[in-house]
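Numbers restart at 1 for each chain; the letters A, B, ... are given by sequence-line order, proteins then strands. All heavy atoms count here, side chains included; hydrogens, waters and symmetry mates do not.
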There are 2 protein chains.
Amino acid sequence: MLKLSKKTEYAFMAARHLAMNNSGHYSTAKEIADNCQIPYQLVAKVLQNFARNKIATSFQGAKGGYKLNRLPDNISLIDIIKAVEHNYQVTECMQEDNSKSTCSHLDCCKIRDPLIEIQRKIDNVFVQTSLKQIL
Amino acid sequence: MLKLSKKTEYAFMAARHLAMNNSGHYSTAKEIADNCQIPYQLVAKVLQNFARNKIATSFQGAKGGYKLNRLPDNISLIDIIKAVEHNYQVTECMQEDNSKSTCSHLDCCKIRDPLIEIQRKIDNVFVQTSLKQIL
DNA sequence: TTATATACGACTAATTTAGTCTTATTTATT
DNA sequence: AATAAATAAGACTAAATTAGTCGTATATAA
Ligand code: SF4
Ligand code: SF4
């Protein structure tokens, strides 16, 4: 319960790697997979998510790879999380994509409002921590 | 990801019910299950966890049930969570029962220390919220 | 033209969470 | 003493989520 996914951990590691190798060549998925000892295919997807979400820029083809778009100081952990996870909410009823919320308690739920507040506070933890702080 | 389990949500609901029905009779698992519209067996287990962890006292037999041991003001959400979940940590390597931590990255993990700090902050959110605040 | 890299979706396997079933025990009531 | 109502606890099943793999297409430097 309350556990970060491996995907998110890999995203933190990858972002960290990009931040620390930001001069000259572009970092590749393979390089990061080797360096962080994580599955290539998973990092690859994480990096693609970074590119789609404007956290990094990708360069295709040989000598290609990724580089960060902003300074580590200006990238917060919540940006990284949002790039790779669509459901990082504390309850089912707060998840964005479930347009038709499925929780049967929704009508009469007494704990929802307090949990929205909890969510806000947890969000804040990630908003307030920048990539620079985890280098 | 980062989602509270239904078990924890049910625990919050049950604790809430106990707090609001604290005069006279003891609340039963059935009563709470009906009132909160949650599966009887699950609330039953939650309440047993409350009793084991001294959050509530149980009375067996006919006319039995549960009552809170402390005022809602003196029960924090973290107490409730700890009573029903043994793994509420943000990463595998912080989980208490995994005596032999299984994460293969443990030796060279660069994100562990920052995540321990994140964990501390998230803990704080639950430590600082009391049952009274969610009534 | 080849080697190296990103892009992306489908698929499978593993793990975790949610829920059910069963049996034993305790105690008030009749 | 018998019965009914309740907690106690563990095994089991089902559902959902997460983790990881595979295959194929596309882009680009050399
Ligand atoms: S409505 Fe209540 S029970 Fe349902 S997901 Fe939201 S908080 Fe949890
Ligand atoms: S060691 Fe690192 S990768 Fe492994 S669980 Fe802990 S934080 Fe995550």
Side-chain angles (χ1 to χ4, degrees), chain A residues 1-11 13-14 18 25-34 37-53 56-67 81 83-89 91-92 95 97-98 102-105, chain B residues 1-11 13-14 18 25-34 37-53 56-67 81 83-89 91-92 95 97-98 102-105:
Chain A
M1 194 200 69
L2 258 184
K3 214 166 63 178
L4 295 170
S5 67
K6 283 289 173 191
K7 199 163 154 190
T8 290
E9 292 200 347
Y10 296 161
M13 292 179 190
L18 289 177
H25 86 129
Y26 302 125
S27 306
T28 68
K30 181 171 191 317
E31 175 187 321
I32 297 175
D34 289 351
Q37 303 190 116
I38 52 188
Y40 166 75
Q41 303 273 20
L42 297 186
V43 210
K45 280 185 194 171
V46 160
L47 290 166
Q48 285 162 29
N49 287 332
F50 282 1
R52 267 190 250 169
N53 289 278
T57 301
S58 69
F59 300 89
Q60 283 193 321
K63 300 273 172 183
Y66 298 86
K67 74 159 214 275
I81 292 175
V84 297
E85 304 277 351
H86 22 247
N87 285 342
Y88 64 98
Q89 308 296 117
T91 66
E92 175 184 338
Q95 298 185 346
D97 55 353
N98 283 17
T102 54
C103 180
S104 56
H105 300 100
Chain B
M1 192 200 70
L2 259 186
K3 213 167 61 177
L4 294 171
S5 67
K6 282 290 173 191
K7 199 163 154 190
T8 290
E9 292 199 348
Y10 296 160
M13 292 181 189
L18 290 176
H25 86 129
Y26 303 125
S27 305
T28 68
K30 180 171 191 319
E31 176 188 321
I32 297 174
D34 289 351
Q37 303 191 112
I38 53 188
Y40 166 75
Q41 303 273 20
L42 296 185
V43 210
K45 282 184 193 171
V46 160
L47 291 165
Q48 285 162 28
N49 286 332
F50 282 0
R52 267 190 247 169
N53 289 277
T57 301
S58 70
F59 301 88
Q60 283 193 321
K63 300 272 171 186
Y66 298 86
K67 75 158 212 274
I81 291 175
V84 298
E85 303 278 351
H86 23 247
N87 286 342
Y88 63 99
Q89 309 296 116
T91 66
E92 174 183 340
Q95 297 186 344
D97 55 353
N98 282 18
T102 54
C103 180
S104 57
H105 300 99

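Between A/Cys103 and B/Lys6 the shortest side-chain heavy-atom distance falls below 4.5 Å. Between B/His105 and A/Tyr10 there is a side-chain heavy-atom pair separated by less than 4.5 Å. B/Leu18 is not listed as a side-chain neighbour of B/Lys67, based on a closest heavy-atom distance of 4.5 Å or more. Using a 4.5 Å heavy-atom threshold, the side chains of B/Ser27 and B/Tyr66 count as separate. A heavy-atom distance below 4.5 Å is found between the side chains of B/Met1 and A/Ile81.
Ring pair B/Tyr26/B/Phe59 is parallel by interplanar angle, where below 30° counts as parallel and above 60° as perpendicular.
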* Structure fact -> Once base and sugar-phosphate atoms are separated, protein heavy atoms under 4.0 Å mark nucleotides 24-30 of chain D, 5' to 3', with B, S and - as ---BBS-
* To do: Take nucleotides 12-20 of chain D nucleotide by nucleotide from the 5' end and write B, S or -, depending on whether a protein heavy atom sits under 4.0 Å from the base, only from the sugar-phosphate, or from neither.
  => ------SSB
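Contact footprint of chain B on DNA chain C: nucleotides with an atom under 4.0 Å from a non-hydrogen protein atom, first to last in 5' to 3' order, C/dA18 to C/dA28.
A/Ala14 and A/Val46 get closest at one heavy-atom pair: CB-CG1, 4.4 Å.
Note that CG of A/Leu47 is 11.0 Å distant from CG of A/Leu42, once rounded to the nearest 0.5 Å.
At a threshold of 4.0 angstrom between heavy atoms, the contacts of B/Ala44 with the nucleic acid are absent.
In this structure, a donor-acceptor pair under 3.5 Å is present between the side chains of B/Ser5 and B/Glu85.
Side-chain atoms of A/Lys7 come within 3.5 Å of backbone N or O of A/Val84 as a donor-acceptor pair.
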